[in-house]
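In what follows, chains are A, B, ... by sequence order, proteins preceding strands, each numbered from 1.
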Amino acid sequence: MQTHPKKRIEIVVEAPLRKRLLRLLDREGVNGYTVLPAIAGRGEETDWQREGQITIAGQMLMVVCIVDPSRADEIIEAVYNLLSHQYGIVTLSDVEVIRAEKF
Amino acid sequence: MEQFFGLLAANLASPVVLFFILGMGAALLRSDLEVPQAVAKALALYLMLAIGFKGGVEVAGHGPDFRLLASLLVGILLSFMIPIIAFALLQRFTPLERLDAAAVSAHYGSISIVTFAVATDRLVAGGIGYEGYLVAVAAAMESPAIASGIWLARRGAAAQTAGGGTSANANGSGSLLREVALNSSIVMLVGAFFIGWITGAEGFATVSPFIVDPFKGVLCLFLLDMGLIAGRGLRGGQRELGLPLIAFAIYMPLIGGALGALGAALLGLSAGGAALLITLSASASYIAVPAAMRLALPEAKPGIYLTLSLGVTFPFNISLGIPLYLTVGQWIA
């Protein structure tokens with residue numbers, strides 16, 4: 001089966017940032033994304049977990065989107081500008097997709 | 001003094017406070033007891049609905065008076081001012097960095113609606129009435145402190161060298177305040193208040209089996225969860241706190257409460273109303289403001305402001321503070 005090269009952007013972000021990040025992805029013309037709850041983890045400073053929090057301030061989530069390689073740098077830069085002072089991880093990786101026109 | 005100790009004993013022996021202590025003890029002893037998050041969220045919505053609705057019905061019964069508007073204004077003013085005092089104290093007596101101090105200050109100007117709920121529970125148990133519109137005052141006091149906190153942080157950033165590494169204004173504070181003002185607790189609280197006001201005693205009669213009798217049991221379950229969260233937070237965040245900060249989390253509610261008492265005296269509130277305004281001024285946020293601070297002041301450490309407001313000030317207010325505020329409320333009236 002023929003596949004097409006694309007870029008996968010994976011963003012682990014603080015839950016309070018969700019709306020702003022998704023608005024930014026919309027503005028950047030990203031065709032689609034998936035938001036996943038992150039259950040628990042450990043970062044440089046502290047552990048965190050989804051359950052047992054009264055505020056969303058201590059929660060993290062993951063946003064995944066697939067974009068065309070020609071747009072990846074631009075989108076990553078915009079994401080970095082929004083998140084540069086926050087806790088989180090942004091990664092970019094090469095993937096192959098079947099339906100190229102969707103991304 | 002005798003009155004205070006009587007209220008204190010009754011408070012400490014109330015199911016609500018005992019469930020909070022149970023939760024906190026379980027968390028500190030690393031028990032696996034927990035309330036599922038979705039359940040806790042539903043309990044919180046129920047509490048907002050019940051508190052808001054009852055407040056609205058009370059206003060419908062007595063009709064709005066000039067004190068409603070004046071109380072709203074006083075509440076907003078207190079929420080703006082308390083962070084400025086808190087910030088000055090933090091800068092003077094604790095080793096906190098400027099951004100952390102600004103973030104902590106915002107928490108102390110804002111309010112804890114659960115502390116408010118426990119205070120109303122104590123008033124009802126003591127047969128003391130209160131002005132229902134204080135529910136609206138509670139909602140109005142949530143956001144102004146955030147603006148003050150951001151202003152304090154920006155003021156600091158401007159005083160430092162250009163590009164000094166703070167992102168205090170990186171995200172527009174206008175949209176932030178809108179997000180806070182429309183958070184689910186506030187929408188439910190204010191919405192239920194207006195529904196209670198519009199439907200009055202007749203509406204109350206139809207929903208009272210849902211919002212009156214189960215209220216105390218739900219509050220117990222919610223306080224159990226709060227105890228678990230506060231205990232876990234204290235366990236995890238204690239290394240961030242030194243004695244000056246812990247002391248701040250205890251004397252700051254008293255200072256905020258004293259300002260609330262002054263406001264209540266000026267407004268001529270009843271004993272119950274004064275106790276509630278003092279409670280609101282003494283309480284510190286741990287839901288809306290931490291989320292807002294992650295957006296507005298991301299470099300401020302959440303381990304400090306969450307542990308102080310939820311791990312120290314909330315238990316203090318629930319156990320010792322509320323009996324004190326009830327006593328002062330009665331003196332004022």
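Distance alone, capped at 3.5 Å, is enough to place a donor-acceptor pair between the B:S79 side chain and the B:A145 backbone.
Heavy atoms of A:I56 lying under 4.5 Å from chain B belong exclusively to its side chain. With a threshold of 4.5 angstrom between heavy atoms, B:I287 approaches chain A through its backbone and through its side chain. Neither the backbone nor the side chain of B:Y305 has a heavy atom closer than 4.5 Å to any heavy atom of chain A. Using a 4.5 Å cut-off between heavy atoms, B:M226 touches chain A through its side chain atoms alone.
Side-chain polar atoms of B:S112 and B:Y286 form a donor-acceptor pair below 3.5 angstrom.
A salt bridge links A:R71 to A:E28: at least one charged side-chain nitrogen sits closer than 4.0 Å to a carboxylate oxygen.
Ring geometry for B:Y108 against B:F248 counts as perpendicular: the plane angle is over 60°, on a 0 to 90° scale with 30° as the lower cut.
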